[in-house]
Amino acid sequence: MLQASTRLLLAALLIAATTAFSPAQTNTTLIVNVDHRPSISLNGDWHVIIDQYATGLYDFHQNLRKDGFFMNAPFDPNGHPQDYNFANASTLKVPGDWNTQRPELLYYEGPIWYQRDFEHTARPNTHTFLHFGAANYRTFVWVNTKKVCEHEGGFTPFDCEISSVIKDGKNFVVLSVDNTRIADGVPTLQTDWWNYGGLHRDVSLVEVPTEFIDDYDLHLSRSHPDLVEGYVHVEGASSGTIVSVNIPELNAKTQATVDANSRATVTLPVKSLSLWSPENPKLYKVEIIASTSPAPDGIQDEIGFRTIETRGTQILLNGQPVFLRGISIHAEAPYRTGRAYSQKDVDTLLGWAKDLGCNYVRLAHYPHDERMTRTADRLGLMVWSEIPDYWALQFDNPAVLAKSKQQLSEMIRRDRNKASIILWSVANETPNTEARTKYLTTMVDLAHQLDSTRLVTAALLVRTEKNPAGGTTKIVDDPLGKALDVIGTNEYIGWYEQHAEGADTTTWDIRYDKPLIMSEWGGDAKAGNHAPAGDTHPALWTEEYQAEIYHHQIAMLNKIPQLRGTSPWLLMDFRSARRVNPGLQDNFNRKGLISDQGIKKQAFFILQKAYKEKTLGKPE
Ligand code: GCB
């Protein structure tokens, strides 16, 4: 039923997985647009077992157990002694990272077992999947004691087919999620964010017909402004199956035929299209129906249509030069802290971005919850979406490259129908080595191959030299720039280097004739920490000093002719294990313009003014 290649990979993985509890490249189907399909939510309370020694999988000689916790055996006081009992175990909420649900789990890194019962009676001629919005970082899933899938990568969705293992009525799922940091992971051992573990996004049961629409891409043609084009993939459909695509509001309808790869190429002429933009975030209802047998499959989406391109150093949205007035955002939950997952979290974060005067957000440093990109579509915020190729990955390790590729593919597949996303980012602040450049060039090529309609970027480090005027010159010549459509650069003048005033004597030497986004800049301030009135040299960590950084940076940025966007670091303070200065950081990175408790710092208003009055940056 699944594509032959998927089936083979899946089979190989399941064999591998029964012989070792080791991270493996995922298999799994990825059904797009799951939030528009009928589904049964499995959110709520799950029984959990904290299993620091992975006792649920390994015996005392580190051999894989046949009677592991995945058996979910009922506890019998007169039977064989048993070290676990899900029925009596305490619970954690799903979705939700485990770290912020119990004080003793705040710093926990390791495996935790989750269990819950569910009722299901499958309808005839259907497939049933367990859908996971994301689980950090490695996940192994069993249903009714049978292993159904595994997945590596903490921020992208996956689906496990469970059709052959479920029974009518009562069933149970057991899974192990392990957030142990690993050197050959993506990300790797070092990050500047909290390693929140667990089922931090929605979990649901999804039932689809025997043959079903699992993937599609519908976008506006760059060369023909009156043409929506793309494809619809119908899993399991044989060649000749008819697919129809309908945009009722435009009175536009077309039919296409699925080829031997179960894919139909779609071209849909449209008239009087209202183009998506920050000023006009118009979304159209789109209906897709596949005349599959024995039952048809249909799905609806809301899609915006626009083009995004570069011309020299310009970024063109719908053919018009645009300047990206942005802010970087971590998926940190406002007020309660922890990993953001709810519509309320998203509304707060993106509401603040709108209040700041943004038309663009950089979603750092991994794909955020799908609610974020859906809401950006509705609010008219352009998005930079990134995979966690962060800092010093093992760039010479092909297994790591395979993990990056998987995460990039999953990110693009989930979000390729979101008009808001204009930039795919393949990396952040990676070391300039040959191995790195080769690795990331492969990633850029893959992004282009998977999606030829968007721009590919990465946040680069820059070189610094003294200049004859007594200041410094920032040189942007990282060889990765050759492969990118848009250059992103991070710099922290006024924080990690020099005083805020250093920006006044900094010049920029950009060796690429491409648009540049200053993807990070800024500095820390603890909300409420103020310099004495009239202090002309405010100390670090005060709101006044952070504000000073913003003043000087804005003046400097305005002197960079090819600057086409900026996303300072960052909207809101976030938890980070690296930030251990007591009283100031307390395990938080304080570079937010807003504190984790929602207090706006002085710098917020400086950037807001510059964005609202459009005194920062030029589109051309
Ligand atoms: C960076 C990183 C970002 C950090 C930030 C900082 O360059 O890209 O993830 O959090 O600096 O605060 O140091």
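Start at 1 and go down the list; that is how both ligands and their atoms are numbered. In what follows, every heavy atom counts, from backbone to side chain, and hydrogens, waters and symmetry copies are set aside.
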Residue Asn490 vicinity, atoms of ligand 1 by number, heavy atom under 4.0 Å = 8 (O)

Minimum-distance protein heavy atom relative to atom 7 (O) of ligand 1 = Glu429 OE2, 2.2 Å

Give a yes/no verdict on whether any heavy atom in Arg579 is under 4.0 Å from an atom of ligand 1.
-> yes

Which residue and heavy atom of the protein sit nearest atom 10 (O) of ligand 1, plus the separation | Asp192 OD2, 2.5 Å

Salt-bridge present (Glu109, Arg181; N to O < 4.0 Å) = yes

Let me see the working for Trp569 and Tyr492 under ring-ring contact (aromatic ring centres under 6.0 Å, His included), right down to the final yes or no.
-> CA-CA 9 Å; Trp569 196 249; Tyr492 281 91; 7.7 Å; no

Ligand 1 to Lys591, heavy atom cutoff 4.0 Å, flagged ligand atoms 6 (C), 12 (O), 13 (O)

Would you say Phe574 touches ligand 1, if touching means a heavy atom closer than 4.0 Å?
-> yes

Proximal atoms of ligand 1 relative to Tyr496 (non-hydrogen, under 4.0 Å) | 6 (C), 12 (O), 13 (O)

Within 4.0 Å of some non-hydrogen atom of His365, the atoms of ligand 1 are 3 (C), 8 (O), 9 (O)

More than 12 heavy atoms of other residues, nucleotides or ligands under 6.0 Å from CD of Glu104: is that the case?
-> yes

Got Asp396 and Lys438 here, is their nearest side-chain heavy-atom distance under 4.5 Å?
-> no

Lys612 atom NZ: more than 12 heavy-atom contacts under 6.0 Å = yes

Out of curiosity, is Trp495 lining ligand 1, as in a heavy atom under 4.0 Å away?
-> no

Short N or O distance, Trp391 and ligand 1, threshold 3.5 Å exclusive | no

To the nearest 0.5 angstrom, please state how far the NZ atom of Lys93 sits from the CG atom of Leu199.
-> 14.0 Å

Is it true that Arg511 and Asp509 have a side-chain N and a carboxylate O under 4.0 angstrom from each other?
-> yes

What atoms of ligand 1 come closer than 4.0 angstrom to any heavy atom of Asn428?
-> 2 (C), 8 (O)

Nearest-contact summary for atom 2 (C) of ligand 1 - protein heavy atom, Å | Glu520 OE1, 3.2 Å

Give the numbers and elements of all ligand 1 atoms closer than 4.0 Å to a heavy atom of Asn589.
-> 6 (C), 10 (O), 12 (O)

Answer yes or no: does atom NZ of Lys600 have more than 12 heavy-atom neighbours from other residues, nucleotides or ligands under 6.0 Å?
-> yes

Test: Arg336 cationic atom under 6.0 Å from Tyr341 six-membered ring centre, within 45° of axis = yes

Report the part of Trp193 in contact with ligand 1, treating N, CA, C, O as backbone and CB onward as side chain, heavy atoms under 4.0 Å; options are side chain, backbone, both, neither.
-> neither

Worked check of ring-ring contact (aromatic ring centres under 6.0 Å, His included) between His365 and His330 = CA-CA 7 Å; His365 283 297; His330 253 298; 5.5 Å; yes

Which of the atoms in ligand 1, numbered in the order shown and given with their element, are less than 4.0 Å from a heavy-atom of Tyr390?
-> 2 (C), 3 (C), 4 (C), 9 (O)

